[in-house]
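Since the structure comes first, as structure tokens, the remarks are kept for the end.
Note that the structure is predicted; figures quoted are calculated from it, not measured.
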Amino acid sequence: QVQLVESGGGLVQPGGSLTLSCRTSIRPFRVNDMGWYRQAPGKQRELVARITAGGRTNVADSVRGRFITSRHNGENTVWLQMNSLKAEDTAVYYCHAQIVPQWGAESGPYWGQGTQVTVSS
């Protein structure tokens, strides 16, 4: 069974940087879009950044110019490099991917377990 495994969260001071990573637990047939969402307490989950298999990215206005997403297709891994972090970036960050798990199967959404990012002095 394919799972998304996240790492890299933690506590960082305002203005600092942090990089999250996410990879598939096993090699699926195909991985389409990959990306990151976040959910702050009392708020809905929101898209942070998304990247296609071809490398085209879509980044939320709130993080544009500060966050960068990238991926390695051969390793089925996606990263989120977060710079100039602010207190309002504090949230649980979830990795997301559209995956075809095996030949003949349909593409479906997969989620990571979530990793806490806290920006505080």
Side-chain angles (χ1 to χ4, degrees):
Q1 174 130 1
V2 179
Q3 295 180 326
L4 293 176
V5 181
E6 301 181 34
S7 62
L11 172 65
V12 63
Q13 293 186 342
S17 297
L18 206 59
T19 298
L20 307 181
S21 65
C22 172
R23 61 172 177 79
T24 60
S25 58
I26 59 174
R27 183 176 295 277
F29 177 71
R30 185 169 66 240
V31 180
N32 297 319
D33 289 4
M34 302 185 81
W36 298 89
Y37 288 71
R38 68 185 181 186
Q39 188 167 18
K43 295 188 177 181
Q44 290 191 335
R45 191 174 297 189
E46 63 176 0
L47 173 68
V48 177
R50 181 167 50 210
I51 183 168
T52 69
R56 188 171 68 250
T57 60
N58 179 26
V59 180
D61 290 342
S62 59
V63 304
R64 187 170 293 117
R66 300 188 297 121
F67 290 11
I68 300 170
T69 189
S70 58
R71 65 187 284 174
H72 189 300
N73 290 336
E75 296 180 358
N76 295 316
T77 300
V78 63
W79 294 275
L80 182 67
Q81 180 180 342
M82 304 182 291
N83 303 312
S84 302
L85 281 160
K86 306 175 181 179
E88 50 263 43
D89 295 319
T90 296
V92 177
Y93 284 70
Y94 296 92
C95 176
H96 171 269
Q98 285 291 128
I99 295 174
V100 179
Q102 62 267 344
W103 185 86
E106 293 186 358
S107 176
Y110 287 73
W111 292 92
Q113 77 276 15
T115 186
Q116 177 70 46
V117 172
T118 302
V119 185
S120 175
S121 56

dist Arg66:CZ -> Met82:CE (nearest 0.5 Å) comes out at 9.5 Å

Tyr37: ring pair (Phe, Tyr, Trp, His ring centres under 6.0 Å) partners, not counting sequence neighbours: His96, Trp111

Considering residues at least two apart in sequence or located in another chain, which fulfil the side chain to side chain donor-acceptor pair (under 3.5 Å) criterion with Ser107? Gln98

Pairs satisfying disulfide (SG to SG under 2.5 Å), at least one member in residues 60-90, at least two apart: none

State which residues pass side chain to side chain donor-acceptor pair (under 3.5 Å) with Thr118; sequence neighbours excluded, sorted by chain then number. Gln116

Pairs touching residues 5-19 that satisfy salt bridge (Lys or Arg N to Asp or Glu O under 4.0 Å), sequence neighbours left out: none

Just how far is it from atom CD of Gln44 to atom CZ of Arg38, taken to the nearest 0.5 Å? 14.0 Å

Between the OG1 atom in Thr57 and the CD1 atom in Ile68, the distance rounded to the nearest 0.5 Å is 9.5 Å

If you group Ile, Leu, Val, Met, Phe, Trp and Tyr whenever their side-chain heavy atoms sit less than 4.5 Å apart, what else falls in with Phe29? Val100, Trp103

Identify, with sequence neighbours excluded, every residue that meets side-chain contact (heavy atoms from CB on, under 4.5 Å) alongside Gln39. Arg45, Tyr94

Single-linkage hydrophobic cluster Leu18~Trp79, side-chain heavy atoms < 4.5 angstrom: no

Considering residues at least two apart in sequence or located in another chain, which fulfil the side-chain contact (heavy atoms from CB on, under 4.5 Å) criterion with Ala60? Ser62, Val63

Search all heavy atoms of Ser84 against all heavy atoms of Ser17 and return the closest pair with its distance. N-OG, 4.4 Å

Hey, could you give me the CG/CE distance between Leu80 and Met34, rounded to the nearest 0.5 Å? 12.0 Å

Does Thr24 have any side-chain contact (heavy atoms from CB on, under 4.5 Å) partners at least two apart in sequence or in another chain, and if so, which? Val2, Leu4, Pro28, Val31, Asn76, Ile99

Test of understanding: clusters of I, L, V, M, F, W, Y form through side-chain heavy atoms closer than 4.5 Å, transitively. Do Leu47 and Val92 belong to the same one? yes

Would a hydrophobic clustering, with Ile, Leu, Val, Met, Phe, Trp and Tyr connected at side-chain separations under 4.5 Å, put Ile26 with Tyr110? yes

Those residues that, when tested against Val119, pass side-chain contact (heavy atoms from CB on, under 4.5 Å) (two or more places apart): Val12, Pro14, Leu85, Asp89, Thr90, Val117

Qualifying side-chain hydrogen bond (donor to acceptor under 3.5 Å, both in side chains) pairs, either residue in residues 25-34, two or more places apart: Arg30-Asn32

Is it true that, when you exclude Glu88 itself, more than 12 heavy atoms of the residues, nucleotides or ligands shown sit nearer than 6.0 Å to its CD? yes

Provide the closest heavy-atom pair for Thr69 versus Arg50 in the form atom of the first, atom of the second, distance. CG2-O, 4.1 Å

Could I get the full list of side chain to side chain donor-acceptor pair (under 3.5 Å) partners for Ser7, not counting sequence neighbours? Ser21

